[in-house]
Q: 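First the structure, then my questions, so here it is.
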Amino acid sequence: MSAPHLEVAEAPTTPGTELGSPATGVAVPGTAAPPAGRAYAVARAEDVPPGEGRAFVVAGDVQVAVFRLRDGSLHATQAACPHAGGPLADGQTDPDVLVCPLHLYGFRWSDGASTGGVGRPVRLYPVRDVDGVLVVDV
């Protein structure tokens, strides 16, 4: 059995930043999705400290937000809130919910649905630590 295909994430949208560094611009909701079924190495595991999130570019102009919760678990979602494009990587998290920092919309980690039943769900992506590298499947 061959090893899974793994691509390195593209450089962030901000000129002058290094490959795998956090993206500072958040993609506009509704932009084109990256190619399906690909795994992208987005960062070293230590680049996302416990209790925080970071945004990374995975393909073209598509960005994902990767979170390491305080319990050590990893989660990944689209980088922009579907409500108003807020930077989800800057949101507050707990083991069950991600809260957008702009208008405090909550989204469940289990299925991406809004906790208030308002608006579209966020897109969730599988994420894992592979030998110290964070890998997101899109």
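In this text the structure is predicted, and so the values were computed from the model without any measurement.
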Q: Return the set of residues passing salt bridge (Lys or Arg N to Asp or Glu O under 4.0 Å) with Asp137 (not counting sequence neighbours), or none when no residue passes.
A: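 By the salt bridge (Lys or Arg N to Asp or Glu O under 4.0 Å) rule, Asp137 matches Arg128.
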Q: For a 4.5 angstrom cut-off between non-hydrogen side-chain atoms, does His83 reach His103?
A: yes
Q: Does the pair Val122 and Leu124 meet the rule for a side-chain contact (heavy atoms from CB on, under 4.5 Å), with working shown?
A: CA-CA 6 Å; Val122 294; Leu124 302 176; 4.0 Å; yes
Q: I'd like to know if Trp109 and Leu88 are part of one continuous hydrophobic network [Ile/Leu/Val/Met/Phe/Trp/Tyr, side-chain heavy atoms within less than 4.5 Å].
A: yes
Q: Restricting to non-hydrogen atoms, name the atom on Arg68 and the atom on Asp129 that form the minimum distance, rounded to 0.1 Å.
A: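 So the minimum-distance heavy-atom pair works out to NH2-OD2, 4.4 Å.
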Q: Hydrophobic clusters here meaning ILVMFWY residues chained together by side-chain heavy-atom distances under 4.5 Å, can you tell me if Val99 and Leu74 are in one?
A: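 Hydrophobic grouping puts Val99 apart from Leu74.
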Q: Hey, does Pro87 have a side-chain heavy atom less than 4.5 Å from the side chain of Pro101?
A: yes
Q: Decide yes or no on side-chain contact (heavy atoms from CB on, under 4.5 Å) for Val66 and Val136, but give the supporting numbers first.
A: CA-CA 8 Å; Val66 177; Val136 178; 3.9 Å; yes
Q: Please report the C-alpha distance between Phe56 and Val48 in whole Å, then the side-chain angles of each, then the deciding distance to 0.1 Å, and finally whether the side-chain contact (heavy atoms from CB on, under 4.5 Å) criterion is met.
A: CA-CA 11 Å; Phe56 300 95; Val48 182; 4.1 Å; yes
Q: Looking at side-chain heavy atoms only, is the closest gap between Ser73 and Phe67 below 4.5 Å?
A: no
Q: According to a 4.5 Å side-chain heavy-atom criterion applied to Ile, Leu, Val, Met, Phe, Trp and Tyr, with indirect links allowed, do Leu104 and Phe107 form part of one hydrophobic cluster?
A: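 Different hydrophobic clusters.
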Q: Hey, are Arg123 and Tyr125 close enough side-chain-wise for a donor-acceptor pair under 3.5 Å?
A: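 Looking only at side-chain atoms, Arg123 and Tyr125 do form a donor-acceptor pair, the distance falling under 3.5 Å.
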Q: What pairs with Asp111 under side-chain hydrogen bond (donor to acceptor under 3.5 Å, both in side chains), at least two apart in sequence or on another chain?
A: Arg108
Q: If you measure from CZ on Arg120 to OH on Tyr105, what distance do you get to the nearest 0.5 Å?
A: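 With rounding to 0.5 Å, CZ (Arg120) is 11.5 Å from OH (Tyr105).
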Q: Looking at CG of Leu69 and OG1 of Thr93, how far apart are the two atoms once the value is rounded to the nearest 0.5 Å?
A: 4.5 Å
Q: What are the two closest heavy atoms between Ala89 and Ala55, and how far apart are they?
A: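 Scanning both residues, the minimum pair turns out to be CB-N, 3.7 Å.
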Q: Got a sec, which pairs hit salt bridge (charged side-chain N to carboxylate O under 4.0 Å, His left out) with one end in residues 79-91, sequence neighbours left out?
A: none
Q: Provide the full list of salt bridge (charged side-chain N to carboxylate O under 4.0 Å, His left out) pairs with a residue in residues 93-104, sequence neighbours left out, each pair given once.
A: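 Every candidate salt bridge (charged side-chain N to carboxylate O under 4.0 Å, His left out) pair involving residues 93-104 fails, so no pair, neighbours aside, qualifies.
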Q: Considering only heavy atoms from C-beta outward, does the side chain of Pro49 approach that of Arg54 to under 4.5 Å?
A: yes
Q: Apart from Leu102 itself, what residues make up its hydrophobic cluster, given side-chain heavy atom links below 4.5 Å?
A: none
Q: Check each of Val135, Val127, Val58 against Val42 using the side-chain contact (heavy atoms from CB on, under 4.5 Å) test, and report the only one that passes.
A: Val58
Q: Please enumerate all residues that pass side-chain hydrogen bond (donor to acceptor under 3.5 Å, both in side chains) together with Gln92, with sequence neighbours excluded.
A: none
Q: Quick one: closest heavy-atom pair of Pro82 and Pro121, and the distance?
A: CG-O, 3.8 Å
